Structure formats: C-alpha cells, structure tokens
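Worth saying up front: this structure is predicted, and the values here are computed from it rather than measured. One is the number of the first residue; the rest follow in order along the sequence.
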Amino acid sequence: MSIWDCLFRPFIRKSIREGEKNPHISAMKKYLIVGLGNIGPDYVGTRHNAGFMTVDVLAERAGASWKSCRYGDMAIAKVKNCELMLLKPSTFMNLSGVAIRYWMNHEKLPLENLLVVVDDLALPFGSIRLKQRGSDGGHNGLKNIASELGNTNYARLRIGVGNEFTRGHQIDYVLGVFSPEEKKDLPAILDKAADCVTAYCLSGPAFAMNHFN
C-alpha cells in the first residue's frame with residue numbers, strides 16, 4: 001500500500017460522504033501549483049529545475065498532458081474534488097512572478113490557492129519543507145514572485161538540493177545536474193514532494209506540514 005493510500009484514502013472517503021450530504025463540499029476546488037525552473041534542453045535535470053520535475057510527476061500521475069499557454073506550459077490534473085493547474089513558467093527563473101501574477105489574476109484565485117515548488121540550497125538533499133509564507137532566502141525566483149505579488153504570504157514547498165559546492169560556485173552547482181548517487185534517490189524524493197502537494201490541496205496546509213515536514 002502506498003503512502004498516498006495510507007494518508008489520503010480515509011480523508012477522500014469522508015469527503016465523498018460529506019459531499020453527498022452537502023453539495024457545496026463536493027464543489028471543485030482550484031489550485032495553481034507552480035514548479036519553478038528554467039526552460040530549454042540545457043537545463044533539463046538540473047538542481048534548479050526540481051520544481052519542474054515535481055509538477056511533471058503530478059501530471060504523469062493524473063495522465064494530464066502539457067500544453068503551451070501564456071507564460072508557460074500548463075497541465076490540468078484532477079484529484080478527487082480538486083483541480084490542479086500545474087504550471088511550468090517559460091519566463092526563466094528570475095521572472096517566475098510574471099507568470100504567476102498573470103494566472104492568479106486570470107483565474108481570480110486567492111493566495112491560499114497558490115503553491116510554489118522550488119529548489120533550496122539551505123536544505124539537505126532529499127528533505128522537503130512546506131511553509132505557508134516566508135522570505136525568499138536569497139532565491140531569485142522567490143524574490144521576483146514577492147515583487148510581482150506584493151507580499152510573501154503564499155505557500156511554498158522547498159526541495160532540498162544540498163550545498164556541496166565550493167565558494168563562488170553556487171551558480172554552477174544549481175545549474176548542474178544531480179550526481180549519479182543522487183539520481184538513484186531522486187524518484188522517491190519527487191514522489192514524496194508530489195504527495196505533499198496532493199495533501200496540501202486535499203487536506204490543507206496543517207495536515208501536509210505535519211505529515212511531510
């Protein structure tokens with residue numbers, strides 16, 4: 001039995017029962033799930049694209065296809081009573097906020113329905129951390145999002161990529177590919193991150209943070 005079955009199946013059964021009694025509960029909830037990264041073949045598989053990789057897993061699970069749209073590629077994943085708008089911005093990392101602001105306004109979504117998935121040097125490789133708000137931590141993608149949205153009160157799922165680089169080589173590190181040893185563990189890490197996103201949408205931030213942080 002997978003972690004998804006263990007954690008979420010009871011919640012889903014409860015939601016279905018309550019939805020039968022109250023049609024408002026069963027209404028589809030919409031979320032914008034943004035994986036941060038850089039477009040183009042030169043950046044495929046790099047540490048800075050951990051966000052792209054996570055939303056790829058979510059799209060694959062749902063059998064959703066990627067389509068070119070305004071400011072990026074988007075796939076629509078349906079998970080029970082949630083619609084996940086999965087977005088990979090085409091603006092490059094440093095202008096990620098442009099795409100997010102456009103789609104938040106276009107879909108008229110509140111900030112609590114936004115979740116950004118991002119790589120993080122401050123976390124050890126393999127760890128993930130969900131936060132409902134916080135500083136940019138020196139991450140240029142998060143800096144631009146805060147600038148475009150006007151605040152930092154949005155949820156972000158940070159995926160640890162470690163910091164095994166020498167002084168002055170941070171850019172080379174984040175734009176480099178994972179080591180062979182890391183690649184062996186990466187699928188399980190991305191699955192865990194995708195589970196956390198699903199938990200956030202189905203059960204809320206408190207549940208997701210308690211089970212995955």
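Leu115 CG to Leu32 CG: the interatomic distance, rounded to the nearest 0.5 Å, is 9.0 Å. Between atom CD1 of residue Ile145 and atom CD1 of residue Ile100 there is a gap of 3.5 Å, rounded to the nearest 0.5 Å. A distance of 11.0 Å separates CG of Leu190 from CD of Glu60, quoted to the nearest 0.5 Å. Here the straight-line distance linking atom OG of Ser65 with atom CG of Asp73 works out to 11.5 Å at 0.5 Å rounding. Put simply, CG on Asn140 and CE on Met93 are 8.5 Å apart, with the number rounded to the nearest 0.5 Å. Rounding to the nearest 0.5 angstrom, the gap separating the CG atom in Asn213 from the SG atom in Cys196 is 6.5 Å.
Sorted by first and then second residue, the pairs that involve residues 157-174 and meet salt bridge (charged side-chain N to carboxylate O under 4.0 Å, His left out), not counting sequence neighbours, are Asp120-Arg158. Applying the side-chain hydrogen bond (donor to acceptor under 3.5 Å, both in side chains) definition to pairs two or more places apart or across chains, none involves residues 90-99. The salt bridge (charged side-chain N to carboxylate O under 4.0 Å, His left out) pairs that include a residue from residues 100-116 are Lys30-Glu107, Arg101-Glu148, where partners are two or more places apart or lie in different chains. The stretch residues 116-146 participates, sequence neighbours left out, in these ring-ring contact (aromatic ring centres under 6.0 Å, His included) pairs: His48-His139, Phe125-Phe178.
Taking all atoms of both residues into account, the shortest heavy-atom contact from Cys201 to Tyr31 is O-OH, 3.3 Å. Residues Met74 and Cys69 come closest through the heavy atom pair CB-SG, 3.6 Å. Shortest non-hydrogen contact noted between Pro110 and Met104 is O-CE, 3.4 Å. Pairing each heavy atom of Thr152 with each of Gly134, the nearest pair is CB-O, 3.1 Å. The heavy-atom pair separating Leu130 from Ala208 by the smallest distance is CD2-CB, 3.5 Å. Smallest separation of non-hydrogen atoms from Gly126 and Ile189: CA-CD1, 3.4 Å.
Partners of Asp119 under the salt bridge (charged side-chain N to carboxylate O under 4.0 Å, His left out) rule, at least two apart in sequence or in another chain, do not exist in this structure. Residues passing the side chain to side chain contact (heavy atoms under 4.5 Å, CB included) test with Asn163 are Phe165, sequence neighbours excluded. Not counting sequence neighbours, the partners of Asp56 by the salt bridge (charged side-chain N to carboxylate O under 4.0 Å, His left out) test are Lys88. Take Tyr43 and apply the side chain to side chain contact (heavy atoms under 4.5 Å, CB included) test, not counting sequence neighbours, and it matches Asn38, Thr46, Asn49, Phe92, Leu175. When the ring pair (Phe, Tyr, Trp, His ring centres under 6.0 Å) test is applied to His106, the partners found at least two apart in sequence or on another chain are Tyr102, Trp103. Contacts of Ala77 classified as side chain to side chain contact (heavy atoms under 4.5 Å, CB included), with partners at least two apart in sequence or in another chain: Ala62, Leu84, Leu86. Residues meeting the side chain to side chain contact (heavy atoms under 4.5 Å, CB included) test with Asn210, sequence neighbours left out: none. For Arg156, there are no salt bridge (charged side-chain N to carboxylate O under 4.0 Å, His left out) partners, not counting sequence neighbours.
The cluster map of Ile, Leu, Val, Met, Phe, Trp and Tyr, joined by side-chain heavy atoms under 4.5 Å apart, puts Met85 and Leu58 in different clusters. Residues Leu202 and Val117 share a single hydrophobic cluster, defined by chaining ILVMFWY side chains whose heavy atoms lie under 4.5 Å apart. In this structure, Tyr200 is not a member of the same hydrophobic cluster as Leu123, with clusters built from ILVMFWY side-chain heavy atoms closer than 4.5 Å. Placement of Phe212 and Val57 within a single hydrophobic cluster is found when ILVMFWY residues are connected by side-chain heavy-atom separations under 4.5 Å, directly or transitively. Under the 4.5 Å side-chain heavy-atom criterion for ILVMFWY residues, a single connected hydrophobic cluster contains both Leu121 and Phe52.
Val116 is listed as a side-chain neighbour of Leu142, based on a closest heavy-atom distance under 4.5 Å. Within the 4.5 Å cutoff, side-chain heavy atoms of Leu186 are placed close to those of Met53. Two residues are said to be in side-chain contact when any heavy atoms from C-beta on lie closer than 4.5 Å; Pro89 and Val34 meet this criterion. The shortest side-chain heavy-atom distance between Lys131 and Met209 does not fall under the 4.5 Å cut-off.
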Steps toward side-chain contact (heavy atoms from CB on, under 4.5 Å) verdict (Leu111, Leu149): CA-CA 9 Å; Leu111 269 182; Leu149 297 182; 3.9 Å; yes
Is there a side-chain contact (heavy atoms from CB on, under 4.5 Å) between Val55 and Val197? Walk through the geometry before answering. CA-CA 9 Å; Val55 292; Val197 172; over 6 Å; no
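In this structure, Arg133 fails the cation-pi test against Tyr154, since its NZ or CZ atom is not both closer than 6.0 Å to the six-membered ring centre and inside 45 degrees of the ring normal.
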